[in-house]
Colleague: 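Okay, here's the structure, questions in a sec.
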Amino acid sequence: MTLPARALATAATRPCPRLDAAATHGWGDTATAAHHGYTGKSPRLAYAYGKAYEDRITRDTDRLACLLDADPGQAHTCTAEHGDADSHHDFITRLNDPETTLILQGVIPGPYGGWLRPDLLYKRNGEWTVGEIKIYLDKGGETDGHAFGSAVTQAAIATDYLRRNNHPVTSTVTVILTNLIGAPVIRTVDATGEMAMLDHLKHRAPYQGETPEPPDLTHIQDIYSLRCHGKCALADYCRDIAENNGAQFPTMDLTTRTATTSTDLKHLAHTETTTINAGYTAAQPVTLKGTDS
C-alpha cells in the first residue's frame with residue numbers, strides 16, 4: 001500500500017495531520033478512505049479518458065518530441081507495468097545514454113516506498129525535464145488550480161529524486177493539458193516550491209514503512225473545511241467524525257457543508273500543535289508554449 005505519486009502530491013500540498021499520519025504508514029487518502037468504507041472521488045471513467053489521452057499523445061514519439069522542442073535523438077518506453085529494480089536500472093541506463101532524448105514511463109523509487117512512474121522525461125539543451133500528461137482542460141492559459149498544481153507536484157517528485165542523485169534535471173516541469181478540441185497544450189512551470197513542499201512532508205510525516213491497516217485517525221485534531229471536498233478522498237470521513245463529535249455544519253439545504261467559521265480558524269491558528277489546512281496555491285506558469293493543432 002505504498003503511496004503513488006498522486007497520493008504523495010495530495011499529502012504534500014495539503015498539510016493535514018490525518019494525511020500525515022496515514023502517509024507515515026504508507027497509506028494515501030484514497031486507500032485510507034476506501035478502508036473505512038468511503039468511495040473515492042475519482043471515477044473509473046475519468047481515469048479511462050485520461051489514460052486514452054495519454055496513449056494518444058505518446059503514440060507518435062516524433063510528433064511528441066517536436067511538440068516539446070526536445071533535442072534530436074532516440075525515444076524509449078519503459079514497459080514494466082508497475083516498476084521493479086530491473087526496469088529502474090533500464091531507465092537509468094537510458095537516462096545516461098547521450099543518444100536518448102525522450103523517455104516514456106520512467107521508473108523511479110518512491111520516497112514512501114514502491115515505484116513512481118513519471119509520464120515522460122525529455123532532454124532539451126542537454127538537460128532533462130520531467131513531464132506529466134493530464135486531460136485537464138486548458139482555457140486560454142488557465143485551468144483548475146488544484147488539479148494543475150497536483151500534476152506539477154507529481155512531476156516535482158521525480159525531479160527531486162533525480163536531482164538528488166546528480167542527474168542533470170531542470171527544476172522546471174512540463175504539464176501537457178488539452179484544449180477544447182482535444183489538441184495538446186504545453187505548460188512549463190518552476191517546481192522549486194513544490195519540491196520544498198516535499199521536503200516539508202518528509203519532516204512532517206517521516207516514512208516508517210507500510211502497515212496492513214492505516215493508523216487510527218479519529219483521535220487526531222483536524223480542521224474540516226469546504227476546500228477539502230474534491231481535493232481529498234478523506235473529506236467525507238473527516239466531516240462525519242466532526243459531526244459525530246458534535247460539530248455543527250450549516251447545510252443551507254445543500255449536500256456540501258460549509259467551512260469552519262473564520263473566528264474558529266483565527267483561534268485555532270494560534271493554538272500550539274494545530275495545523276490549518278490552507279489548501280493549495282496554484283503554480284505560476286513561467287512560459288506558455290502554445291497549442292499544437
Side-chain angles (χ1 to χ4, degrees), residues 1-36 38 40-42 47 50-51 54 78-95 103-121 128 130-133 149-167 169 173 191 194-217 220 231-234 237 275 280:
M1 193 58 68
T2 49
L3 273 68
R6 191 183 302 272
L8 279 171
T10 299
T13 57
R14 300 190 67 77
C16 165
R18 285 194 175 140
L19 283 176
D20 290 350
T24 298
H25 295 82
W27 285 74
D29 60 327
T30 302
T32 304
H35 177 84
H36 291 289
Y38 290 81
K41 300 295 182 181
S42 298
Y47 176 81
K51 184 61 178 173
E54 179 183 336
C78 298
T79 56
E81 183 176 354
H82 299 294
D84 53 34
D86 289 339
S87 55
H88 173 64
H89 181 266
D90 174 51
F91 164 67
I92 295 298
T93 299
R94 300 291 179 172
L95 194 71
I103 301 175
L104 304 177
Q105 292 294 325
V107 180
I108 297 173
Y112 281 60
W115 301 96
L116 305 180
R117 304 191 66 197
D119 290 340
L120 61 90
L121 290 90
W128 288 100
V130 177
E132 287 288 329
I133 302 172
S150 179
V152 171
T153 307
Q154 288 181 50
I157 294 167
T159 300
D160 181 67
Y161 170 84
L162 293 169
R163 296 189 79 188
R164 289 178 184 275
N165 286 272
N166 300 317
H167 296 287
V169 180
V173 302
E194 282 69 24
M195 287 188 282
M197 289 183 195
L198 295 172
D199 286 337
H200 291 316
L201 176 62
K202 293 172 187 175
H203 288 295
R204 296 194 330 255
Y207 183 54
Q208 298 176 7
E210 60 181 289
T211 57
E213 294 187 358
D216 178 25
L217 306 178
I220 297 176
K231 301 174 180 64
C232 177
L234 283 174
Y237 169 80
T275 302
Y280 181 79

Colleague: In terms of ring plane angle, is the pair His88 and Trp115 parallel, tilted or perpendicular, where the classes change at 30° and 60°?
Modeller: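 Judged by the thresholds at 30° and 60°, the geometry between His88 and Trp115 is tilted.
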Colleague: Quick check: closest heavy atoms across Pro214 and His36, and the distance to 0.1 Å?
Modeller: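 Smallest interatomic distance, heavy atoms only, reads CG-NE2, 4.3 Å.
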Colleague: Please name the pair of heavy atoms, one in Pro111 and one in Ile157, separated by the smallest distance, quoted to 0.1 Å.
Modeller: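 What the structure gives for the nearest pair is CD-CG2, 4.2 Å.
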Colleague: Determine the minimum heavy-atom distance between Gly28 and Ala7, stating which atoms define it.
Modeller: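 Heavy-atom minimum between the residues: CA-CB, 3.9 Å.
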Colleague: Closest heavy-atom contact between Ala156 and Ala191?
Modeller: CB-CB, 4.0 Å
Colleague: As a quick check of understanding, evaluate side chain to side chain contact (heavy atoms under 4.5 Å, CB included) for Tyr161 and Leu116, giving each step before the final call.
Modeller: CA-CA 10 Å; Tyr161 170 84; Leu116 305 180; over 6 Å; no
Colleague: Looking at every non-hydrogen atom in both residues, tell me the closest pair between Pro206 and Thr24 and how far apart they are.
Modeller: O-CG2, 3.1 Å
Colleague: Is there a donor-acceptor pair under 3.5 Å between the side chain of Asp119 and the backbone N or O of Gly131?
Modeller: no
Colleague: Taking all atoms of both residues into account, what is the closest heavy-atom pair of Ala21 and Leu217, and its distance?
Modeller: CB-CD2, 3.8 Å
Colleague: Please verify the inter-ring angle class for Tyr207 with Tyr112; under 30° counts as parallel, over 60° as perpendicular, anything in between as tilted.
Modeller: tilted
Colleague: Supply the atom-to-atom distance Phe91 CZ to Ile103 CD1, rounded to the nearest 0.5 angstrom.
Modeller: 5.0 Å
Colleague: Set out, in order, the CA-CA distance, both residues' side-chain angles and the distance that settles side chain to side chain contact (heavy atoms under 4.5 Å, CB included) for Glu54 and Gln105, then state yes or no.
Modeller: CA-CA 11 Å; Glu54 179 183 336; Gln105 292 294 325; 2.7 Å; yes
Colleague: Return the CD to CG distance between Glu194 and Asp160, rounded to the nearest 0.5 Å.
Modeller: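 Reported to 0.5 Å precision, the distance equals 11.5 Å.
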Colleague: As a test of understanding, state which of Val173, Leu201, Thr13 forms a side chain to side chain contact (heavy atoms under 4.5 Å, CB included) with Thr153.
Modeller: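 It is Thr13; the other options fail the test.
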Colleague: Given side chain to side chain contact (heavy atoms under 4.5 Å, CB included), test Trp27 with Thr211 step by step and report yes or no.
Modeller: CA-CA 8 Å; Trp27 285 74; Thr211 57; 3.6 Å; yes
Colleague: Please check this pair: side chain of Arg94 against backbone of Gly106, looking for a donor-acceptor N/O pair closer than 3.5 Å.
Modeller: no
Colleague: Do Pro118 and Gln154 make a side-chain contact, defined as non-hydrogen atoms from C-beta onward lying under 4.5 Å apart?
Modeller: no
Colleague: Taking the side chain as every heavy atom from C-beta outward, state whether His200 and Pro15 have any atom pair closer than 4.5 Å.
Modeller: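 Side-chain contact under 4.5 Å: no.
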Colleague: Where do Leu121 and Leu162 land on the side chain to side chain contact (heavy atoms under 4.5 Å, CB included) test, with the steps shown first?
Modeller: CA-CA 11 Å; Leu121 290 90; Leu162 293 169; 3.4 Å; yes
Colleague: Distance alone, cut at 3.5 Å: any donor-acceptor contact between the side chains of Asp84 and Ser87?
Modeller: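 On atom types as modelled, these side chains qualify, holding a pair under 3.5 Å.
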Colleague: Measuring from His89:NE2 to Cys78:SG, what's the distance to the nearest 0.5 Å?
Modeller: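 Taking NE2 in His89 and SG in Cys78, the distance rounds to 12.0 Å.
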Colleague: For the atom pair CG (Leu104) and CD1 (Ile133), what is the distance rounded to the nearest 0.5 Å?
Modeller: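 Here the interatomic distance stands at 7.0 Å.
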Colleague: Would you confirm whether Trp128, through its side chain, and Thr159, through its main-chain N or O, come within 3.5 Å as a donor-acceptor pair?
Modeller: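 No: the side chain of Trp128 does not pair with the backbone of Thr159.
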Colleague: Would you give the length of the straight line joining atom CG of Asp20 to atom CD1 of Ile220, rounded to the nearest 0.5 angstrom?
Modeller: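 Asp20 atom CG to Ile220 atom CD1 measures 8.5 Å (nearest 0.5 Å).
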Colleague: Look up atom CZ in Arg14 and atom CG in Leu19, then write down how far apart they are to the nearest 0.5 Å.
Modeller: 8.0 Å
